Amino acid sequence: MATDNKTLRILAVCADGAATSTVVAVRLREYFGNKGVKVEVVQGRVVDAKRSVESGKFDLVVSTAGSNLGITNVPVLNGIPLLTGIGKDQFFAEVEKVLKK
Amino acid sequence: MFNVVIKAFGAAVLLPLIILVFELLLRVNFSKALRSALYIGIGLNTLTSILNPYFMGLIGKAVSDMITGSGVNLPYVDTGWSLLASLAYSTLIGALIIPIGIVVNLVMVFLHWTDTLDLDLWNFWHWAFVGSLVYYATNNLVYGLLSAIAIEMFLLILGDATAPTMQKFFNLPGLAWPHASGQGGTLIALPVKWICDKIGLSKIKLNSQTIRDRLGLLGDASVIGFIIAVIIGLIAWSSKLGDLQVWGSLFALGIGTAAYIFMYPKATAALMEGFEPLTSRVSEMLSKSGSQRGLNFGMDSALCIGHPDVITTGLLVMLTTVPLMFLLPGNRILILGDIGVTPFFLASAVTAIMGGNIITSYIATTISMIITLYFSSAVSVNFASLLTSIGIALPDTGSAVVGADTRPLHGLFWMLGKWTIGGIPVGIILTFVVIFAMLFFFHRNKTGWYKAFGYEEEKEETVAEANS
């Protein structure tokens with residue numbers, strides 16, 4: 001769980017590690033920035049997600065290209081609500097719930 | 001007038017200014033708008049600053065030597081789609097495409113011609129790219145604009161027709177994909193599916209996970225880039241392989257290519273970050289009323305590429321593309337920057353239409369890739385001079401030239417847009433006749449179209465209907 005002095009590490013993945021994961025990264029930074037939580041968002045390609053998680057010490061993975069990535073030790077959330085704006089509030093509620101654990 | 005301005009300022013200054021103006025008009029907060037404009041400039045600069053040394057120092061020389069030394073005539077080098085997007089947004093059509101694209105979409109929604117509201121503003125660049133190519137080929141702004149509008153309308157209809165299939169296959173309700181690259185193989189998938197259903201090929205199922213596990217190291221785009229570069233080097237310097245220095249250049253070329261494929265998404269990420277506030281503002285304004293009407297939101301086909309069947313099909317086509325580039329008669333382009341991109345985008349809608357069948361998806365995507373190679377060879381002839389004329393500086397590398405990875409629909413609308421007979425734009429007229437015919441027939445028999453595009457109704461649904 002993230003405390004005030006710890007930086008939250010999030011892996012944002014999409015198909016090419018450039019396009020939609022950037023949108024996710026920007027919106028996550030904005031959200032946590034407004035709350036005063038330190039966050040580091042790393043972008044990556046969905047095919048590399050499993051390998052990145054094994055070596056990267058992430059608190060959360062947000063994917064826009066399917067959330068069935070074979071990752072078991074870190075929670076994986078579907079980031080599409082951040083792109084469409086539909087269900088954005090539920091998404092952040094889910095983020096809070098997952099990070100509290 | 002615009003062309004003079006763009007030449008004086010260059011794309012890396014003008015595009016940020018255009019975005020800044022749009023954002024301020026839509027009342028994005030000033031400091032946010034300024035920052036995003038700067039990021040677009042950063043993205044464009046990063047792109048040229050990784051492109052130029054790579055092209056000048058490494059691949060340009062090797063490709064040049066390959067052509068002069070061995071007669072393997074592949075002068076055009078694809079350096080990735082970011083450059084195409086930069087070109088697209090740096091022309092007069094690119095400057096206008098966002099307001100025009102939104103208005104055309106809204107008019108179509110208002111007239112009930114489409115149920116797709118495209119919120120993926122960044123990918124309007126595909127329409128601007130086609131429009132810009134036509135504009136510069138015909139020197140006629142109206143033809144360029146009409147071509148951009150035509151491909152948009154066409155994609156919104158395809159987006160509607162494929163939405164039920166793709167929503168179900170990818171489990172993404174409420175979305176549609178009017179994405180020019182993602183739908184690039186759709187028209188090819190339909191006849192391939194029909195034939196494969198007839199001859200029974202559609203019944204053979206392969207497990208995509210097993211295929212992927214077997215590919216191992218070859219499943220990485222950077223590794224494939226390394227291999228292609230080494231092949232080019234071997235052909236180019238085959239007579240000098242006794243020299244240790246040549247082996248040094250050979251591996252430097254391979255690693256440089258892998259590094260380029262690794263780095264160019266970083267430049268794209270900066271561009272995307274700069275674009276984000278505008279996209280976010282427009283979605284905010286449109287999405288509420290859109291969801292009230294039950295519209296599907298148009299999204300980037302990238303959302304579909306994480307699906308295991310799409311990845312497997314894409315990987316197989318990526319591997320197939322390597323020999324195809326060297327062996328296909330008449331091919332003039334080396335796909336390098338997009339070798340890990342194009343096959344996957346082409347596979348996205350195709351795989352959904354095929355219901356995840358790897359064999360039939362592979363066939364349709366490979367055909368789409370072959371068409372891509374030929375269109376790219378044709379478009380690349382004037383592409384580099386077009387880039388220089390809008391102020392994107394390119395190095396002089398002898399016989400090797402920057403090429404454009406032109407996917408099937410981009411190529412098709414480019415060809416139609418510039419086709420005139422005796423001053424009459426027959427291609428554009430034909431395009432609009434087809435578009436309106438599609439609209440007419442689609443709306444007369446939607447279920448039939450959904451079925452043709454791969455939609456299969458669930459058995460439960462029919463039971464439920466029978467009960468009610």
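Residue numbers start from 1 in every chain, and the chains themselves are labelled A, B, ... in the order their sequence lines are given, proteins ahead of strands. Being a predicted model, the structure only gives us computed values, none of them experimental.
Looking at B:Leu271, there are no atoms closer than 4.5 Å to chain A (heavy atoms on both sides), in backbone or side chain. For chain A, the nearby parts of B:Ser280 are the backbone and the side chain; heavy atoms of each come within less than 4.5 Å. Heavy-atom distances place the side chain of A:Val26, and not its backbone, under 4.5 Å from chain B.
Contact detail for A:Ala19 and B:Met272: the closest heavy-atom pair is O-CE, 3.6 Å. Residues B:Ala302 and A:Ala65 come closest through the heavy atom pair O-CB, 4.0 Å. Heavy atoms only, all atoms of each residue included: A:Leu83 and B:Leu303 are closest at CD1-CD2, 3.4 Å. Here the closest heavy-atom approach between residue A:Ala18 and residue B:Pro265 is recorded as CB-O, 3.4 Å. Heavy atoms only, all atoms of each residue included: B:Glu273 and A:Thr22 are closest at N-CG2, 3.6 Å.
B:Phe262 CZ: 12 or fewer foreign heavy atoms inside a 6.0 Å radius. With a 6.0 Å radius and a threshold of 12 heavy atoms from other residues, nucleotides or ligands, B:Arg27 has its CZ atom at or below the threshold. Within 6.0 Å of CG in B:Asn171 there are 12 or fewer heavy atoms belonging to other residues, nucleotides or ligands.
With rounding to the nearest 0.5 angstrom, the OG1 atom of A:Thr84 is 12.0 Å from the CG atom of B:Asn296. In this structure, the separation between CG on B:Leu175 and CD1 on A:Ile86 is 9.5 Å, given to the nearest 0.5 Å.
In terms of heavy-atom pairs under 4.5 Å with chain A, the best-connected choice from B:Phe170, B:Trp122, B:Phe297 is B:Phe297.
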